[in-house]
Each structure stands twice: as C-alpha cells, then as structure tokens.
Amino acid sequence: MGVKKRIVLFASGRGSNFCALADAIQKKQLPNAEIIALVCNRKDAPALLEASSRNIATHVINSKDYRTDKGFDRDSYEAKLLETSLGLKPDLILLAGYMLVLGRKMVEAFPRKIINIHPSLLPKFRGLHAQRQALESGDSMTGCTVHWVTEGLDEGETILQAQCPILPGDTVETLSQRLLPLEHKTYIEAVIKVLKELK
Ligand code: GRF
C-alpha cells in the first residue's frame, strides 16, 4: 500500500463537502489517503465541529483578525496560511467551500496539489452565487466542476464535471439542494481519480 497520501482540507462554513470526503476516507472509498487537518478561516465555521467529532485536527486562521483600517491584510493572512500549510506537508489540498481566493504564493508553493469544487459547469458562472447565476441565465442544465486551482478565480483545468437539471419553479435553495449530493459524489470521484494518478 505504501505511505498514505496526506490530505488537508480548507473550508469556511457548513462543511458538507468536507464531511462527504472525510466519511469516504473513513469508509476506505479513497485508496491510500488520510485527512491530516482541516484549515478554516472562520473560527465559528460549523465544519470545525464536524472535524472535531471525527477526531480530525483543526487549524483556525481567522481572517477577521487580519482586518485593518486599510482593509483586509491579505499578505499577512496568506503568509500565515502558507506557513501552516507547509507545516502540514500535504500531498493534496482540497478546498471545500473555502470562500477566499488563494494568492500567488500559496498557488506557487503547491503546484498541481490544490483542488476546488465549484457549483456550476465551469467556465460558466464563476465566482459567488453560481446557482443564482445559473437560474438567471435561463439554462436548463447546470452542475458542478472539480478543478485544479490556479491564481485565476475558478479557472484551473477541470478534473471532473457532473450535470444536474434546472427545473421549472426552481429557486436558489431547491437547485442548491439538488446539486449538493452531486457535488459530494463528484468530489469523491475526482479525488479518487487524482490519487490514482499521484505517484
Ligand atoms: C458548495 O456549494 C461548494 O461547491 C461551494 O461552496 C459550497 C460549500 O458547501 N464552493 P459546504 O460547506 O461544503 O457544505
């Protein structure tokens, strides 16, 4: 089997993708992988409780602590995030509802090691409120995309996509609810695919 691949997750909120991935690893659906830690930029993120209940280590780098009168001190925040991440020696970093854009230093420190999930069929509907953007577009189909992370917002190469219908009468809530289980399944499948290709 060899040494297990070290996976670190980043999240900001609810953490349902984190839970899906952690549970898949627990059930040995992901070959040869272990979750080393969850990194959160919000100290009140429900994802932290989910990690603790699974005995997964947590690191909070509270982005609110980096607010200054000149705005968000992104450089100091990123420096701390980089230091923490390097210390964890990850083979893969999985962004799971991590709501901040990663800066150049993080992306360059972990080339082809950072993965994100986005709730649209990229390149459509990048950025925030992807489900609302999809509804407002009049499209009859949307989905989710698991992709490599680059400096550009939701721009890196696609690893896996899955489609989901938009139904008449859908709201942001009903569409998000339909999409979420598909996100979980697709993220797990994408990570299995990447792990198989990792040397
Ligand atoms: C998901 O829709 C994910 O695609 C997006 O943010 C949401 C996070 O949900 N990036 P959760 O915290 O994983 O439940």
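Fair warning: this is a prediction, and the values are worked out from it, not measured in the lab. Atoms within each ligand, like the ligands themselves, are counted from 1 in listed order.
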Check residues 139-146 and write down every donor-acceptor pair under 3.5 Å in which the side-chain atom is one partner and the other belongs to a residue at least two apart or another chain.
unit_1 : atom_1 : unit_2 : atom_2 : d
Asp139 : OD1    : Ser137 : OG     : 3.4
Asp139 : OD2    : Lys124 : NZ     : 2.7
Thr145 : OG1    : Ser120 : O      : 2.6
Thr145 : OG1    : Leu122 : N      : 3.0
Thr145 : OG1    : Gln161 : NE2    : 2.9

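The side-chain heavy atoms of Val39 and Tyr98, taken from C-beta on, include no pair separated by under 4.5 Å. Side-chain contact check for His184 versus Asn17: some heavy-atom pair is nearer than 4.5 Å.
Closer than 4.0 angstrom to ligand 1 lie heavy atoms from Arg14, Gly15, Ser16, Asn17, Gly97, Ile117, Pro119, Glu183.
Between the OH atom of Tyr77 and the CG atom of Asp65 there is a distance of 11.0 Å, given to the nearest 0.5 Å.
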Check step by step if salt bridge (charged side-chain N to carboxylate O under 4.0 Å, His left out) holds for Lys193 and Glu189.
CA-CA 6 Å; Lys193 184 172 175 224; Glu189 285 172 9; over 6 Å; no
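A salt bridge links Arg54 with Asp23: the distance from a Lys NZ or Arg NE/NH1/NH2 to an Asp or Glu carboxylate oxygen falls below 4.0 Å.
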